[in-house]
Protein chains: 2
Amino acid sequence: MTIKEIAALAGTSRGTVDRVLNGRGNVNSELADRIISIATQNNYQPNQHAQALIKSRKHMTIGVVINSLGNEFFDDVLRGIHDRAQKYLSSGFSIIVKEIKGYDGNEQISAIDMVLEHDVDALAIMPLDLPEVREKLKSLKIPIVMFNTDIQMDKLAFVGCDYYNSGGLSGDIAKLIMGSRGGKIGIVIGSFMMQGHKLRISGFTDSVNTNENMNIVACVENADDDSRSYEVTKELISEHHPDLIYFGAAGVKGGVEAVLDSNENIQIITVDETTPTREYLDKGVISATVTQQPYIQGVLTIKILYNYLSSKKPPRERYNYTENQVKLRNSK
Amino acid sequence: MTIKEIAALAGTSRGTVDRVLNGRGNVNSELADRIISIATQNNYQPNQHAQALIKSRKHMTIGVVINSLGNEFFDDVLRGIHDRAQKYLSSGFSIIVKEIKGYDGNEQISAIDMVLEHDVDALAIMPLDLPEVREKLKSLKIPIVMFNTDIQMDKLAFVGCDYYNSGGLSGDIAKLIMGSRGGKIGIVIGSFMMQGHKLRISGFTDSVNTNENMNIVACVENADDDSRSYEVTKELISEHHPDLIYFGAAGVKGGVEAVLDSNENIQIITVDETTPTREYLDKGVISATVTQQPYIQGVLTIKILYNYLSSKKPPRERYNYTENQVKLRNSK
DNA sequence: CTGAAAGCGCTTACAG
DNA sequence: CTGAAAGCGCTTACAG
């Protein structure tokens with residue numbers, strides 16, 4: 001069933017059918033009713049490819065602000081972003097990516113301004129949870145997708161990790177390792193100020209607490225920094241002598257080195273999969289790591305914005321959580 | 001960059017550019033070179049939507065033969081197949097699916113004949129490793145994708161599990177559970193005649209053997225059948241009193257019941273995620289299961305055939321292995 | 001309020 | 001070996 005066929009059946013032109021079916025108004029209501037009933041009776045579905053072909057006439061750009069410099073985790077996210085953008089390339093689509101380092105509010109705001117200068121039609125960002133950033137984002141008139149980090153604010157969609165579940169899954173691994181014997185557990189996290197990190201701690205705690213022989217003896221912050229991580233982990237070990245440590249954020253390399261230097265027999269669970277994590281996994285230094293599909297995070301962010309810009313349809317889900325996956329030595 | 005622009009730059013017509021870019025031959029080689037260099041220099045990407053719009057003219061059908069009846073595992077595979085087919089629906093595409101039960105060669109052959117009667121342009125099948133099936137497939141003149149099960153034969157592509165790796169990953173889990181203490185391990189598999197099952201055993205064995213305290217004390221067949229599984233598992237337990245059992249194929253429900261009835265403290269690792277597996281995972285009866293992305297297997301099978309039929313391009317990889325994933329209680 | 005026509009980027013007969 | 005033309009299903013000015 002095509003617009004042409006509907007027009008023939010209704011005894012009118014394709015233009016008029018288009019007006020009715022797409023609510024562009026100014027059509028005699030009797031005619032309109034006739035067209036609508038023909039379309040619904042025949043279960044008319046517009047040809048996606050024909051519609052997309054026309055859309056490729058108007059160019060659109062998505063701006064991406066990402067705190068990726070100096071953080072290998074985001075390599076995969078960026079790959080996902082670029083791969084998806086590449087796929088839409090021929091449809092008159094482009095992205096402008098601004099990479100920044102660290103977590104400074106003003107820097108993020110000027111990064112936003114920078115991409116706005118390119119007259120972008122939408123924004124993808126991992127927003128810092130600061131009043132000035134929030135204000136800035138609220139002032140924008142374009143759709144926003146938040147990825148990896150969520151802040152409480154109106155948005156088209158969020159794409160990222162379900163942090164509570166990630167912690168819960170890590171707790172499952174801890175239970176697998178410790179069995180009914182249980183033992184002492186230490187947690188090393190980036191910052192108690194980070195929503196995601198706090199959620200990982202509660203997920204982990206709730207999961208582990210179902211076994212009364214497992215005791216969380218300490219929970220410390222490493223500010224996502226390797227040398228700081230080394231220090232706090234060293235201290236944690238000498239003070240508590242844990243049987244297992246859960247590194248729930250970045251700073252894995254520094255923390256693991258502290259474990260190795262301690263010469264104690266400590267099991268290790270981490271998050272994400274970067275070069276050092278993979279090496280530690282291969283060497284059997286760490287038992288498991290829980291990943292969050294960073295590549296898919298990038299892909300999905302662009303996909304949602306592209307679909308919204310080209311058909312005005314919001315995504316099916318506002319909150320799009322990627323899968324938390326357990327990776328062991330033989331995992332691909 | 002469009003074909004029109006390339007034609008203008010090369011001083012020729014769109015038809016000729018099309019012939020060159022799509023290898024339809026019969027073009028003066030000098031002209032062809034010029035066109036190719038213009039296209040590559042400008043990073044020409046054909047507009048997917050325009051191509052898809054045209055493809056929707058010719059109808060094509062893929063036949064699917066799947067031994068899914070009575071085996072819940074294939075529900076997800078079928079979902080993947082249908083979802084992908086649905087996606088191509090408006091492009092004049094359809095599938096004809098023949099579900100069969102059990103593993104009888106003649107039944108599979110008549111299922112093939114049945115879909116062939118619908119004049120299919122390609123075949124997706126999980127072939128039985130039998131001479132008569134092989135002969136039948138060899139006699140076909142249409143492209144074939146084998147999914148889930150591979151047999152040695154020329155084919156467009158295979159989509160399915162890397163069985164050796166699946167076994168290796170299950171071995172990793174066993175090591176995680178048993179730690180340096182080690183223990184006795186039993187294996188329950190479908191059949192030593194099944195290539196995939198044998199590979200899972202070697203992957204598991206090779207992985208586990210890196211720890212000399214872990215001993216595989218028995219390896220038995222359950223014919224993928226629950227009541228048979230109950231019997232052999234019961235026997236295995238009373239004879240060897242293992243600390244852990246790896247169920248590397250179907251028949252999980254029967255086997256696990258035997259473990260529960262034995263009242264011994266035995267850890268369990270399984271493969272795939274069906275309703276009973278999920279329940280056992282939630283109840284903490286089994287420690288982990290290793291899945292093989294059945295949904296993706298379905299999607300990829302149709303995707304490869306669709307792309308091949310509509311653009312004559314073979315898939316990038318002949319062997320497409322889906323990811324083996326560790327699932328614990330908190331896994332989604 | 002309505003229709004005829006042009007066009008999106010590509011492919012496909014057809015004529016030479 | 002090559003080009004002109006028609007057409008895929010839809011949308012968009014434009015003319016009435």
Side-chain angles (χ1 to χ4, degrees), chain A residues 1-36 38-39 42-60 87-93 309-313, chain B residues 1-36 38-39 42-60 87-93 306-307 309-313:
Chain A
M1 172 103 308
T2 69
I3 272 200
K4 200 172 164 185
E5 295 177 277
I6 295 179
L9 285 172
T12 182
S13 71
R14 285 136 76 197
T16 301
V17 174
D18 174 70
R19 263 165 233 132
V20 173
L21 262 29
N22 295 292
R24 296 187 229 283
N26 288 344
V27 175
N28 175 295
S29 64
E30 257 181 58
L31 217 198
D33 288 348
R34 191 142 35 100
I35 289 171
I36 288 173
I38 292 175
N42 292 283
N43 186 28
Y44 169 71
Q45 300 279 39
N47 185 307
Q48 307 289 331
H49 305 305
Q51 290 183 318
L53 179 55
I54 290 175
K55 274 166 209 153
S56 63
R57 271 189 275 199
K58 32 184 170 180
H59 199 90
M60 60 190 177
K87 183 167 177 157
Y88 296 142
L89 198 62
S90 64
S91 317
F93 175 86
L309 288 179
S310 58
S311 50
K312 291 282 164 255
K313 276 174 205 153
Chain B
M1 172 104 309
T2 69
I3 272 199
K4 201 172 164 186
E5 294 176 277
I6 296 178
L9 286 172
T12 182
S13 71
R14 285 136 75 196
T16 301
V17 174
D18 175 69
R19 263 165 233 132
V20 173
L21 262 29
N22 295 292
R24 297 186 227 285
N26 288 344
V27 175
N28 175 295
S29 64
E30 257 180 59
L31 216 198
D33 288 349
R34 192 140 38 98
I35 289 171
I36 289 173
I38 292 174
N42 293 285
N43 186 27
Y44 168 72
Q45 301 279 35
N47 185 307
Q48 308 288 332
H49 305 305
Q51 290 184 319
L53 179 55
I54 290 177
K55 274 166 210 153
S56 60
R57 267 188 279 196
K58 39 182 170 180
H59 200 89
M60 59 190 178
K87 184 168 177 157
Y88 297 143
L89 199 61
S90 65
S91 317
F93 175 86
Y306 175 81
N307 285 336
L309 288 178
S310 58
S311 50
K312 291 281 165 254
K313 277 174 205 151

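All of these numbers come straight from a predicted model, not from anything done at the bench. First the proteins, then the strands, lettered A, B, ... as listed; each starts at 1.
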| Quick check: does any side chain N or O of Arg14(A) sit under 3.5 Å from a backbone N or O of Ile3(A), one acting as donor and the other as acceptor? | no

| Interatomic distance where CD belongs to Glu30(A) and P belongs to dT2(C) [whole Å] | 10 Å

| request: For Asn47(B), answer base if it contacts any base atom (sugar-phosphate contacts may also be present), sugar-phosphate if it contacts only those atoms, and nothing otherwise; contact means non-hydrogen atoms under 4.0 Å. | output: sugar-phosphate

| message | Evaluate Asn47(A) against Thr2(A) for side chain to side chain contact (heavy atoms under 4.5 Å, CB included), listing each step before the verdict. | response | CA-CA 8 Å; Asn47(A) 185 307; Thr2(A) 69; over 6 Å; no

| Can you tell me how far the CD1 atom of Ile6(A) sits from the OG1 atom of Thr12(A), to the nearest 0.5 Å? | 11.5 Å

| said: Using whole Å, what does the distance between atom C1' of nucleotide dC1(C) and atom CG of Asp33(A) come to? | reply: 15 Å

| note | To the nearest angstrom, the CD-P distance between Gln48(A) and dG9(C) comes to 19 Å

| request: For the pair Tyr306(B) and Phe93(B), name the ring-plane relationship: parallel under 30°, tilted 30 to 60°, perpendicular over 60°. | output: perpendicular

| task | Output the single nucleotide from dT11(D), dG9(D), dC8(D) whose closest atom is nearest the side chain of Thr2(A). | result | dG9(D)

| request: Find the distance His49(B):NE2 to dT11(C):P and express it as a whole number of Å. | output: 14 Å

| task | Please answer whether the main-chain N or O of Tyr44(B) pairs with a side-chain N or O of Asn42(B) as donor and acceptor at a distance below 3.5 Å. | result | no

| task | Please determine if a side-chain N or O atom of Gln51(B) lies less than 4.0 Å away from the OP1 or OP2 oxygen of dT11(C). | result | yes

| task | With DNA chain C as reference, determine whether Asn28(A) or Ile54(B) sits nearer its 5' end, using the nearest nucleotide of each. | result | Asn28(A)

| query | After noting the C-alpha distance and the side-chain angles of Met1(B) and Asn43(B), does the key distance pass the side chain to side chain contact (heavy atoms under 4.5 Å, CB included) rule? | reply | CA-CA 8 Å; Met1(B) 172 104 309; Asn43(B) 186 27; over 6 Å; no

| remark: Taken to the nearest 0.5 Å, the spacing of Ile35(A) CD1 from Arg19(A) CZ works out to 9.5 Å

| message | In whole Å, I'd like the distance from the CE atom of Met1(B) to the P atom of dC8(C). | response | 14 Å

| remark: Closest to the side chain of Leu31(A), out of dT2(C), dT12(D), dC10(C), is dT2(C)

| field | Length of the line joining Asn26(A):CG and dC1(C):C1', which is rounded to integer Å | value | 7 Å

| message | Just the rounded figure in Å: distance from C1' of dT11(D) to NZ of Lys4(A). | response | 15 Å

| query | In whole angstroms, how far is the P atom of dG3(D) from the CZ atom of Arg24(B)? | reply | 16 Å

| Gln51(A) side chain to Gln48(A) main-chain N or O, any donor-acceptor pair under 3.5 Å? | no

| query | Any side-chain N or O of Tyr44(B) under 4.0 Å from OP1/OP2 of dC10(C)? | reply | yes

| query | Dot-bracket for DNA chain C, 5' to 3', counting Watson-Crick or G-U wobble pairs under 3.5 Å, with [ ] for crossing pairs and | for inter-strand pairs? | reply | |||.||||||||.|||

| task | Could you check which residues of residues 8-23 of chain B get a heavy atom under 4.0 Å from DNA chain C? Sort them by number, please. | result | Arg14(B), Asp18(B), Arg19(B), Asn22(B)

| Does Arg24(A) offer a backbone N or O that forms a donor-acceptor pair with the side chain of Asn22(A) under 3.5 Å? | no

